[in-house]
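Order of the sequence lines fixes the chain letters, A, B, ..., with proteins taken first and strands second; residue numbering starts at 1 for each chain.
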Amino acid sequence: MTICFQEIFQYTFMQRAIIVGLFVSLCSALLGVPLVLKQYSMIGDGLSHVGFGALAVATALNLTPLPVAIVVVTVSAFILLRISEKAKVKADSLIALISTVSLAIGVVAVSMSSGMNMDINNYLFGSILALDKTDVYLAVVLGIVVIFTFFFLYHQVFSVTFDESFAKATGANVTVVNLIISIATALTIVIGMRIVGTLLMTSMIIFPALTSMRLCKSFKNVIICSSIVSLCGFLSGILISFFFDTPTGASIVLVNLAIFISFYLIKAVMIRIRLVKYKENK
Amino acid sequence: MSLVKCVDAAFAYEGKIIISDLNFEIERGEYLCIVGDNGSGKTTLMKGLLGLIKPVQGEVIFEGVKAKNKNRGIGYLPQQSDAQKDFPASVYEVVLSGAVNDLKFGMFYDNATRKRAEEALNKVKMLNLKNACYRELSGGQKQRVLLARAIMASKTMLLLDEPVSGLDVLSTREMYRLIEDLNKNEKMTIVMISHDVKAALPSATHILHIKDKQAFYGKPDSISRNIWN
Ligand SMILES: Nc1ncnc2c1ncn2[C@@H]1O[C@H](COP(=O)(O)OP(=O)(O)OP(=O)(O)O)[C@@H](O)[C@H]1O
Ligand SMILES: [Mg+2]
């Protein structure tokens with residue numbers, strides 16, 4: 001086992017991927033819970049597609065992709081949040097439109113700048129080889145900022161997530177909390193996209209939250225459980241991809257699926273045990 | 001100085017006027033009971049009083065309470081909260097969230113607040129289910145938890161939108177007693193929407209009857225018989 005880890009840490013790219021990945025998984029687990037509970041999962045999906053468009057256009061224009069993506073995605077986070085607040089019913093369709101349009105813009109940008117196919121593929125499906133030193137620094141700094149902000153705002157996030165109009169009526173600053181959540185989401189997505197790719201980023205946000213919501217009965221436990229699930233999912237995923245030579249992003253998603261299914265089964269078994277006990281007592 | 005005042009206020013959804021010609025004020029320590037048929041705009045008015053929606057005409061003037069501030073001291077029990085159907089939260093977490101504006105440094109609840117949460121739970125007789133999962137409670141139990149949350153938030157004013165819907169006979173009586181107690185002994189200003197006028201009448205200091213417009217506003221003893229006959 002130790003030999004195994006030594007082997008992995010010999011490679012700089014693996015060191016980088018693991019550091020960046022751990023921060024990204026923690027951030028997306030934390031943010032995923034309020035996003036899923038507020039039924040804002042589509043925003044996450046929309047943002048990662050916008051991120052792809054931004055990266056593709058930036059590459060085509062010979063700009064540094066990451067800063068451009070951060071700015072564009074953050075601005076889009078404002079817009080998507082506004083749409084979800086204003087047009088509750090049509091929000092889903094509007095966000096789907098924005099996603100696909102961004103994807104289309106990205107694809108056109110790619111086709112106009114030939115020879116970039118390699119990069120685009122990395123953006124779509126992620127590549128741990130593509131991470132450089134700046135990515136690592138950025139991920140660490142942003143990760144720490146997001147995690148601290150989340151814990152700082154923990155109770156406010158709970159009230160706003162649980163009942164927005166109540167929070168507003170009692171005078172809490174709902175708009176600010178929502179904004180911070182979406183900016184944090186935007187940053188997490190842009191960094192996470194480098195590892196798991198645009199198309200798979202959403203699952204990093206949704207899976208841990210959904211998985212832990214099945215079993216946990218308090219918000220605090222959901223947050224803790226979802227963080228653990230996310231970190232374990234990422235680590236197992238990246239190890240599997242290293243040893244079996246499978247694509248990293250897809251491996252992480254599939255591990256997350258496996259964890260989700262196991263939680264589902266655990267819950268089913270728990271219910272069965274309870275019923276059996278009840279019948280025995282009778 | 002009144003807490004909240006409506007001057008010729010009218011509320012609308014998407015340009016369609018729901019209620020208009022509202023003229024009344026809520027003084028500190030009052031117990032206002034709002035009555036009216038289904039769809040007459042009671043909930044809409046309450047949202048206006050909370051500042052969640054703006055009047056399309058006239059004004060809602062916040063005098064004794066702040067219009068928008070973290071220390072408004074207003075508690076609110078919504079009519080229906082279907083938003084949190086599948087929300088994993090413990091009863092205690094929900095009740096504490098009522099005191100979100102008392103957070104120290106915006107970060108944590110101090111011991112006094114935690115103690116208040118237990119007292120609020122005790123008041124609504126839910127202390128034994130403190131650690132239960134909110135989504136697994138019955139409708140009536142949820143209603144009590146949300147009342148405890150509203151109590152946590154209210155320092156000056158408590159707005160209740162049909163607080164007894166879904167409660168059994170005994171709990172209904174206890175709920176009215178609890179509200180009356182808050183009003184009399186803790187000098188809490190109460191605004192309550194109720195269909196059960198007869199039960200609310202003895203303790204209310206003012207009645208507001210709405211029917212498209214403000215049909216009646218005044219003390220319960222001066223009430224005209226024809227409102228509910
Ligand atoms: N979000 C909304 N958008 C458009 N119309 C609305 C909205 N909410 C309420 N209405 C309309 O406004 C009117 C008043 O609704 P409101 O909920 O205030 O009634 P209410 O007096 O509280 O009724 P109830 O006794 O059933 O609770 C209704 O005709 C309703 O259709
Ligand atoms: Mg109503």
Rounding to 0.5 Å, atoms CZ (A:Phe151) and CZ (B:Phe108) come to a distance of 15.5 Å
Using atom types as modelled and distance alone, determine if a side-chain donor or acceptor of B:Glu93 lies under 3.5 Å from a backbone N or O of A:Ser218.
no
When rounded to the nearest 0.5 Å, the distance separating NZ of A:Lys217 from OG of B:Ser90 is 12.0 Å
Measure up the A:Phe219 and B:Phe87 rings against each other and bin them: parallel (under 30°), tilted (30 to 60°), perpendicular (over 60°).
parallel
Min side-chain heavy-atom separation B:Val100-A:Phe158 under 4.5 Å:
no
Counting only heavy atoms from other residues, nucleotides and ligands, does the tally under 6.0 Å from CZ of A:Arg82 exceed 12?
no
Looking at A:Ala169 and B:Leu50, what are the two nearest heavy atoms and their distance?
CB-CD2, 3.7 Å
With a 4.5 angstrom heavy-atom cut-off, which part of A:Lys38 approaches chain B: side chain, backbone, both or neither?
neither
Looking at B:Ala89, B:Ala132, B:Ala150, which has the largest count of heavy-atom pairs under 4.5 Å with chain A?
B:Ala89
Given a strict heavy-atom distance threshold of 4.5 Å, which part of A:Tyr154 is in contact with chain B: side chain, backbone, both, or neither?
side chain
State whether the number of non-hydrogen atoms from other residues, nucleotides or ligands found under 6.0 Å of B:Lys115 atom NZ is greater than 12.
no
Do you know the tightest heavy-atom contact between A:Ser165 and B:Leu52?
O-CD2, 3.7 Å
Give, as side chain, backbone, both or neither, the part of B:Phe105 having an atom under 4.5 angstrom from any heavy atom of chain A.
backbone
If you count heavy atoms of other groups shown closer than 6.0 angstrom to OH of A:Tyr137, is the number above 12?
no
So which part of B:Val91 gets closer than 4.5 Å to some heavy atom of chain A, the side chain, the backbone, both or neither?
neither
One should read off an interatomic distance between A:Thr170 OG1 and B:Tyr76 OH, to the nearest 0.5 angstrom, of 11.5 Å
State, to 0.1 Å, how close A:His155 and B:Met107 come at their nearest heavy-atom pair, and which atoms those are.
CD2-O, 3.0 Å
Should the heavy atoms of other residues, nucleotides or ligands under 6.0 Å from NZ of B:Lys123 be counted, would the total exceed 12?
yes
